[in-house]
Every structure is written in structure tokens, then in C-alpha cells.
Amino acid sequence: MADNSKKDILKRIKERKYLNKDFDGFKRDLLDYARTYYNDANRDFSEASFGGMLLDFASYVGDVSSFYLDHQYQETFTDSAVENRNIQRLLEKDGVKIVGASPAVLNATFFIEVPAISDPNPRPNPTALPILRAGTVIRSNNGVEFELVEDIDFRETNPNGVLLAEVSIGQLNSSNIPTTFFLKRKEICISGQRASDSFSVGSFEPFKTFTLSKENVTEIISVTDSLGNVYYEVDALNEDTVYKAVTNIASDFADVPDNLIPIPAPYRFISKMNLQTRLTTLTFGGGSAETLNDDIIPDPSEFAVPLYGKRTFSRFSINPGNLLKTTTLGILAPNTTVTVTYRHGGGLNHNIPRKSISGVVQTRITFPGSPDPATAQFVRSSLDASNDEKAGGGEDAPSIDDLKLRAPSVKASQGRIVSKPDLLARLYTMPSNFGRVFRASIRNNPDNPMASQLFVVSRDSNGQLTISPDALKKNIRTFLSTYRIISDAIDILDAQIINIGVDFSIVVDPRENKQIVVQNVVKKLSAFFQQKNFDIDQPLVLSDLHNIIFNNPGVISVDTINVKNINTSVGQRTYSNVQFNVEANTSKGIVIGPPGSIFEVKYKNFDLQGTAV
């Protein structure tokens with residue numbers, strides 16, 4: 001009797017393990033479990049037996065369940081997620097804006113030739129002075145198009161009545177009296193192409209979405225419907241007001257060119273880019289324009305379900321779908337056609353060099369002075385453009401890893417700039433149509449405790465470091481000013497680009513080909529000096545170079561490593577003119593650049609040289 005009771009206790013108390021994670025672990029413990037507690041029922045657990053099949057099935061289910069449990073757990077964190085859908089959801093939750101390739105910003109120069117009049121001194125004919133409208137397109141030699149973003153009014157004058165345009169003499173008659181004048185003005189242009197998509201809106205559908213056809217949309221220029229309604233882009237559909245810059249016509253227009261005014265935005269939308277396809281989707285409001293009213297909370301009596309054929313009812317019925325037709329989250333006009341005009345395209349190849357604009361390919365010009373048709377045609381045909389400065393700010397679309405790295409700082413910033421990481425996070429979220437910096441760094445201003453120094457650097461079309469254009473820095477200033485604390489000041493400065501080279505000598509195993517070993521070392525150093533691996537104010541550790549060289553097959557020892565500064569152009573190879581004494585700025589095997597500097601090996605095939613001894 002006592003033996004039977006002990007046996008019953010053993011059957012009730014069975015040892016179980018919950019730490020297995022793989023197929024073999026599950027099968028091993030299940031086999032031990034079966035032999036311990038079910039030995040009298042089944043003793044054959046070989047591979048070909050029925051018991052072995054049950055063990056394999058149970059182990060397989062446990063293995064798959066364990067894998068998906070771990071996978072789903074990892075998919076809840078931004079840094080460990082691997083599925084694009086989950087990564088996009090987590091990035092949006094953290095506040096990271098998913099963007100495509102960034103366009104370049106160019107300060108272009110526009111020229112026109114205008115007939116002269118004499119009254120009594122020769123001057124440009126005021127009736128022939130045009131307005132060059134935004135949307136005028138110029139093209140570079142490599143086919144990249146840039147669009148004028150602001151009107152250029154060649155009639156504008158300063159308070160003294162002198163034309164703002166730079167005026168020079170054009171053609172002369174036989175008496176050396178000017179018959180024409182050249183006028184020149186500079187204005188900002190943005191790279192990319194303009195496109196339009198139209199969508200048919202049927203009956204009311206809350207939060208209707210449309211996907212644009214082009215990749216890498218950098219700016220939504222306008223959204224209108226066939227009834228003439230204008231839709232405004234907002235960050236969230238509960239925002240019912242947008243702000244617009246309107247030309248200031250008051251006497252202080254010289255000091256304040258534009259006035260900022262609020263505009264009600266009942267017709268509104270949000271945009272979101274797909275991480276995988278880089279296509280942009282517009283989501284419109286949840287209300288219908290047919291029920292546009294001033295009531296924030298609709299009257300339920302207006303939405304009662306009709307009770308046709310009934311004189312009595314047990315309770316009052318309301319159609320909850322009609323309660324969605326409120327203006328709280330914006331509205332969309334049903335039974336219309338929505339037209340979306342936008343700009344798309346960008347990348348490093350849009351950072352064109354100076355003197356590379358080939359001409360104007362699409363002209364938008366008006367003549368407020370109403371000159372005769374011949375004069376208007378003469379001025380229109382004389383329009384030309386060039387660029388004395390290189391374009392900058394163009395960047396390829398950030399990778400998924402780049403976006404993941406931004407998530408912690410963007411999430412912590414909470415839409416304002418308080419700390420240094422907040423500032424960098426906000427800078428990297430600047431809309432791509434304003435250009436984009438490649439690297440940025442923050443330092444305290446030694447002369448002003450309430451100010452910070454922001455160092456920025458861009459890349460050219462070849463992926464090499466270059467000074468950020470002034471237009472990009474102006475856009476950065478305007479963008480950051482809306483987020484910073486009012487008592488803080490931010491000085492935007494150019495990072496110093498220090499071009500360096502490395503000469504090394506190694507001892508090679510006599511059994512190896514010396515030339516091939518040196519080539520392999522140079523290849524490893526080239527990978528190390530890729531610009532994506534360096535940041536502003538990042539020092540160069542010489543022991544890293546020593547390890548890279550020594551850990552190559554065939555290298556017995558490293559004889560010498562010499563890091564040098566290159567600041568003189570050689571043939572077609574142009575370098576930064578920043579002079580840097582490497583030896584004087586090396587301490588304990590670490591090369592430290594001046595504040596706001598970044599190291600670059602610009603031409604790796606020439607600047608990395610090695611010999612075998």
C-alpha cells in the first residue's frame with residue numbers, strides 16, 4: 001500500500017523544464033520525460049518508431065514556437081527589428097521621419113538683356129523689366145534639373161530707388177551710347193523634377209489614402225480638387241491651422257520681407273513614405289465636406305437611423321458611421337478629382353560643380369509693364385543662367401540602419417531643442433527639400449555661455465566632403481529657429497576638412513608576393529577610411545591602423561606608419577587648403593584635429609601608399 005501511494009505521488013509531481021530553445025534540446029528532454037514517466041506504456045523511441053515520430057513532432061512545434069516567440073519579441077524594439085513593416089511602425093512611433101533621397105540646393109545666377117531708354121541718361125527700360133516666376137527650370141551638363149523656388153522681380157529697387165539687380169552695359173550704338181543693358185540676380189534653386197498625379201474621389205470614405213507614383217518625393221507643392229478647394233499638409237490631422245508667408249507691402253518691407261499669418265485648414269492631409277518602396281502616401285481627413293459645419297460635436301438628432309414603416313420603437317437608434325462626418329480631423333470633398341503636384345528626385349549626383357549649368361529649359365516669365373511683343377520676346381529669349389557656386393545638400397536616401405540610429409535621440413527630443421542631442425536629432429529631420437548635411441557636431445561657444453557652435457559639412461556628387469553652401473546654412477537657421485529655446489543662440493559654422501594620407505612600410509613573409517600583400521593592405525585601409533566611418537571631431541587612433549595592417553595574411557611586422565596632411569592640389573586632384581601639423585597634434589598615439597574638423601582620405605588610390613621591406 002505504501003509503495004502504491006509513493007508511485008501515485010511520483011506521477012502527480014513530474015519534473016518539467018522550460019529553458020529549451022532548439023529542436024535538439026526539446027527532443028532530448030522529451031525523451032527523458034517519456035522514459036521516466038511513460039516507460040511502461042512505450043519503450044520504443046527509435047527514429048523509425050511511432051514514439052520517435054511523436055517526439056519529432058513535439059520538438060518541431062516547440063522549436064518553431066520558440067523561434068517565433070523570440071522573433072516577435074525582437075520585433076518590438078527599433079534596434080533589433082528586421083521586418084520592414086515593423087521597423088516603419090516603430091520609427092513612426094519614435095517620431096523619426098522617413099525620407100528619401102535629398103535634393104541639392106543651388107544659388108543660381110539669372111541673366112536678362114533689356115533695351116535701354118534715355119531720359120536723359122541711358123538706363124534699362126522699366127516697362128521691359130520682367131518677373132521671373134518660381135517654377136522656371138534650369139539644367140546642368142549632367143542632366144540634373146533645378147527649379148527656381150522664389151519669384152525674381154527685376155523691377156525691385158532699394159530704398160534709394162536703385163535696382164537690386166546688378167546692371168552692366170550691353171550693346172552700344174555707333175555713338176557709344178548703350179542700347180541694351182544686362183541685368184543679373186541670384187536666387188535659390190532646388191534640384192528635382194515636378195510631377196502631377198490625379199485621383200478620383202467617389203462617395204464619402206473616412207481617411208481616404210492615395211499613393212503617388214514617383215519615388216523619393218521631396219516636397220508636396222500643391223493639392224487641389226476639381227471644386228477649387230486647397231488642401232494643406234499638416235503633421236497630424238487634428239491640427240486645423242497652418243502658417244503661410246505673405247509678402248510684406250508695408251513701409252518696413254526691407255527689414256521684414258514676409259509676414260507670417262495663420263490660415264484655417266479644414267481641408268488637410270498628412271503624408272507618409274513607405275520604407276521599402278520609398279513611395280509617398282497621402283491620408284486625407286476623416287470628415288465629409290458635404291457636412292461642413294461649425295459644430296465640433298455633431299447633433300445626434302441629425303444622424304438618427306430612419307425608422308421607415310414604424311410608429312413605435314423600443315430604443316432610439318443612431319448610425320455611428322455618420323458621427324465620423326465631423327470636421328475635427330479634417331475633411332475631403334467627395335465626388336471630385338484631387339490633383340497632387342509634387343517634386344521628386346535627389347541624391348549625391350545632384351551636387352553639381354560650379355560652372356555646370358547649361359541653360360534654361362522651361363521659362364515662366366511675365367511682364368507687368370506690358371511692353372510691345374517684340375520687346376517681350378527679345379527679353380525672354382535673352383534669359384540665361386549659370387552657377388558660380390557648386391550645389392550642395394544632396395544626399396542619397398538614408399538606409400534603414402541610419403534611420404534606426406536616429407530613433408533614440410529623436411524620441412528623447414520630444415519636438416524641442418534643449419540638449420545637444422536634441423539639436424542634432426532635429427537637424428537630421430529637416431525636410432529634404434531644404435537640403436541635407438552629411439555630418440554635424442555641436443560644441444559650446446567659448447565666447448558665449450548661452451550659445452552653441454554647430455559645425456556642418458556636406459558631400460559633393462562624388463561622395464567627397466565639401467563645404468556646405470550658404471543657402472543650405474540659411475535653411476538650417478530658419479528651420480532650427482522654431483525649435484530652439486528663445487534664450488539660446490546657435491552659430492552655424494563650416495567644419496574644417498583635413499585631407500590626410502598614410503604611408504606605411506611592412507615586412508612581408510618571403511613566401512608571399514610582396515606586391516599582392518601591399519595591395520591587400522591598401523584595400524583594407526580604404527575600407528577603414530570610408531567617409532561614413534568618420535564624424536566631425538572624431539580623432540584618428542594610430543593603433544587602429546597598426547592592427548589593420550598587421551592582421552593581413554603575409555604581414556610579419558609593421559615597420560613604419562606615417563600619417564601626413566595633404567593640402568596642395570596635384571593635377572586634377574584638388575584638396576582642402578586646411579593646413580594641419582599631424583605630429584604636433586598627436587598625443588599618446590591619437591591624432592586630434594582642431595575643434596569642428598573632420599578627417600578625410602580623399603583619393604584613396606593615391607593617398608594610401610605602402611612598401612614592402
Side-chain angles (χ1 to χ4, degrees), residues 105-191 194 247-249 251 253-255 257-258 352-391 469-471:
V105 181
L106 175 68
N107 198 4
T109 304
F110 292 87
F111 306 87
I112 59 170
E113 188 176 8
V114 177
I117 61 171
S118 298
D119 59 348
N121 297 320
R123 63 185 181 91
N125 187 347
T127 62
L129 297 178
I131 299 177
L132 189 61
R133 297 295 182 182
T136 297
V137 179
I138 58 179
R139 181 178 295 166
S140 66
N141 296 328
N142 63 350
V144 178
E145 293 183 353
F146 289 80
E147 184 176 319
L148 182 66
V149 297
E150 298 250 345
D151 292 347
I152 299 179
D153 191 347
F154 284 93
R155 304 170 304 159
E156 285 186 317
T157 60
N158 61 20
N160 297 324
V162 179
L163 289 173
L164 295 181
E166 183 179 331
V167 181
S168 59
I169 296 176
Q171 302 178 33
L172 301 174
N173 59 16
S174 58
S175 302
N176 287 330
I177 297 175
T179 58
T180 63
F181 286 91
F182 291 114
L183 277 71
K184 176 175 69 174
R185 286 197 66 175
K186 290 186 176 182
E187 192 52 75
I188 300 298
C189 296
I190 294 180
S191 68
R194 183 178 291 217
T247 303
N248 183 13
I249 60 175
S251 58
F253 73 94
D255 298 323
D258 295 315
I352 61 172
R354 58 190 301 270
K355 302 295 184 183
S356 57
I357 292 296
S358 58
V360 181
V361 296
Q362 183 176 339
T363 304
R364 299 185 62 188
I365 191 170
T366 59
F367 293 89
S370 301
D372 60 83
T375 301
Q377 179 59 31
F378 173 80
V379 176
R380 183 180 289 108
S381 61
S382 70
L383 178 64
D384 200 0
S386 69
N387 62 310
D388 298 326
E389 305 172 10
K390 55 187 176 182
D470 291 339

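Keep in mind it's a predicted model, so treat the numbers as computed, not measured. All heavy atoms count here, side chains included; hydrogens, waters and symmetry mates do not.
Side chain of Asn158 to main chain of Asn160: a donor-acceptor pair is present (N/O by atom type, distance under 3.5 Å, no hydrogens or angles). Put simply, the side chain of Asp151 gets close to the backbone of Ala134: a donor and an acceptor are under 3.5 Å apart. Asn387 places a side-chain N or O within donor-acceptor distance of the main-chain N or O of Ile357, the cut-off being under 3.5 Å. Distance alone, capped at 3.5 Å, is enough to place a donor-acceptor pair between the Ser358 side chain and the Arg139 backbone.
Atom CZ of residue Phe367 and atom CZ of residue Arg155 lie 11.5 Å apart, to the nearest 0.5 angstrom. How far NZ of Lys355 is from OG of Ser386: 5.5 Å, rounded to the nearest 0.5 Å. Distance CZ/Arg123 to OG/Ser118: 9.5 Å, rounded to 0.5 Å. Between Thr179 atom OG1 and Ile169 atom CD1 the span is 10.0 Å, to the nearest 0.5 Å. Going from atom CG of Asp153 over to atom CG of Leu129 covers 8.5 Å, rounded to the nearest 0.5 Å. Note: Leu132 CG to Thr136 OG1 = 4.0 Å, rounded to the nearest 0.5 Å.
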Discussion item. Let's go through Arg354 and Asp388 carefully: what are the C-alpha distance in whole Å and the side-chain angles of both, what is the deciding distance for salt bridge (Lys or Arg N to Asp or Glu O under 4.0 Å) to 0.1 Å, and is it a yes or a no?
Written reply: CA-CA 5 Å; Arg354 58 190 301 270; Asp388 298 326; 5.1 Å; no
Item to complete: Output, in order, the C-alpha distance, side-chain angles, deciding distance and verdict of side chain to side chain contact (heavy atoms under 4.5 Å, CB included) for Val114 and Leu183.
Response: CA-CA 8 Å; Val114 177; Leu183 277 71; 4.2 Å; yes
Item to complete: Under the side chain to side chain contact (heavy atoms under 4.5 Å, CB included) rule, what do Thr363 and Leu383 come out as? Steps first, then yes or no, please.
Response: CA-CA 9 Å; Thr363 304; Leu383 178 64; 3.6 Å; yes
Practice prompt. Kindly indicate, with the supporting measurements, whether the criterion salt bridge (Lys or Arg N to Asp or Glu O under 4.0 Å) is fulfilled by Glu156 and Arg185.
Written response: CA-CA 11 Å; Glu156 285 186 317; Arg185 286 197 66 175; 2.9 Å; yes
Worksheet item: Should Leu106 and Ile188 be marked as a side chain to side chain contact (heavy atoms under 4.5 Å, CB included) after you check the CA-CA gap, both sets of side-chain angles, and the distance that decides it?
Response: CA-CA 6 Å; Leu106 175 68; Ile188 300 298; over 6 Å; no
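For the pair Val361/Val137, a side-chain contact is recorded, criterion being any heavy-atom separation below 4.5 Å from C-beta on. Side-chain atoms of Val379 and Pro371, non-hydrogen and from C-beta on, never get closer than 4.5 Å to each other. Two residues are said to be in side-chain contact when any heavy atoms from C-beta on lie closer than 4.5 Å; Pro115 and Phe378 meet this criterion.
The number of heavy atoms from other shown groups lying within 6.0 Å of CD (Gln377) is above 12.
Defined by atom type and a distance below 3.5 Å, a donor-acceptor pair is present between the side-chain atoms of Arg133 and Thr366. Thr180 and Glu113 form a side-chain donor-acceptor contact under 3.5 Å, judged by distance and modelled atom types alone.
The two residues Ile131 and Pro368 come nearest to each other via the heavy atoms CD1-CG, 3.6 Å. When every heavy atom of Cys189 is checked against every heavy atom of Leu148, the shortest pair comes out as SG-CA, 3.9 Å. Counting all heavy atoms, side chain and backbone alike, Ala165 lies closest to Phe154 at CB-CD2, 4.1 Å. The two atoms that bring Asn176 and Leu172 nearest to each other are O-CD2, 3.9 Å, heavy atoms only. When every heavy atom of Pro124 is checked against every heavy atom of Ile117, the shortest pair comes out as O-CG1, 4.3 Å. The two residues Asn173 and Ile177 come nearest to each other via the heavy atoms OD1-N, 2.8 Å.
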